[in-house]
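Small disclaimer: the values here were computed from a predicted structure and weren't measured.
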Amino acid sequence: GRANYQTFGDQLGIDLISNPELAAQLDIAVKIAILYWNQRVPTDAIADGDVEEITRAINGGLNGLRDRESLTDKYLDGDLP
C-alpha cells in the first residue's frame with residue numbers, strides 16, 4: 001500500500017508516491033523486494049528453512065503456504081532452477 005511506497009521510496013531515494021509506476025521497473029522492483037525481505041523476515045526463520053514463519057512474516061497469515069512449501073521442497077531437491 002501507500003505506506004510501503006513511502007517507506008521503500010524514502011529508503012531508495014525515489015518518489016514512489018508521485019510515481020508509483022517506477023515500482024514496476026525490474027531494477028527498482030528487485031530492490032524493493034530485497035528491502036522488504038530483509039526488514040520483515042526473521043533471520044532465524046531463514047536459517048531454519050521455516051517456510052511457515054517466513055510466510056507469516058511476509059503475508060501476515062498463511063495464504064499460499066502449501067504451494068510455497070511444495071516449491072521450496074522442489075527447489076531443495078534440485079527440481080527447480
Here's a test for you: under side-chain contact (heavy atoms from CB on, under 4.5 Å), which of Ile34, Ile28, Ile32 qualifies with Val30?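 The single option meeting the side-chain contact (heavy atoms from CB on, under 4.5 Å) with Val30 is Ile34.
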Asp10 and Leu16: CA distance, side-chain angles, deciding distance, side-chain contact (heavy atoms from CB on, under 4.5 Å) verdict: CA-CA 8 Å; Asp10 288 348; Leu16 293 176; over 6 Å; no
Residues Arg56, Leu65; criterion side-chain contact (heavy atoms from CB on, under 4.5 Å); working and verdict: CA-CA 9 Å; Arg56 282 186 196 278; Leu65 176 63; over 6 Å; no
Donor-acceptor pair, distance only, cut-off 3.5 Å: does the side chain of [X] make one with the backbone of [Y]?
X     : Y     : value
Arg40 : Asn59 : no
Asn19 : Asp15 : yes
Tyr36 : Ile58 : yes

Is [Y] reachable from [X] through a run of hydrophobic residues whose side-chain heavy atoms are each under 4.5 Å from the next?
X     : Y     : answer
Leu12 : Ile17 : yes
Leu76 : Leu80 : yes
Trp37 : Val51 : no

Dump the intermediate steps for side chain to side chain donor-acceptor pair (under 3.5 Å) on Gln39 and Gln11, then the final yes or no. CA-CA 12 Å; Gln39 292 175 20; Gln11 291 177 27; 2.6 Å; yes
Salt-bridge test for Arg66 and Glu69: reply yes if a basic N is under 4.0 Å from a carboxylate O, no otherwise.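 Salt bridge: yes.
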Working to the nearest 0.5 Å, report the span between [atom1] of [X] and [atom2] of [Y].
X     : Y     : atom1 : atom2 : answer
Tyr5  : Leu22 : OH    : CG    : 9.5 Å
Thr55 : Leu62 : OG1   : CG    : 6.5 Å
Asp79 : Asp73 : CG    : CG    : 10.0 Å
Arg68 : Thr72 : CZ    : OG1   : 8.5 Å

Heavy-atom pair with the smallest gap, counting every atom of Ala23 and Ala29: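 Where Ala23 meets Ala29 most closely, the heavy atoms are O-CB, 3.3 Å.
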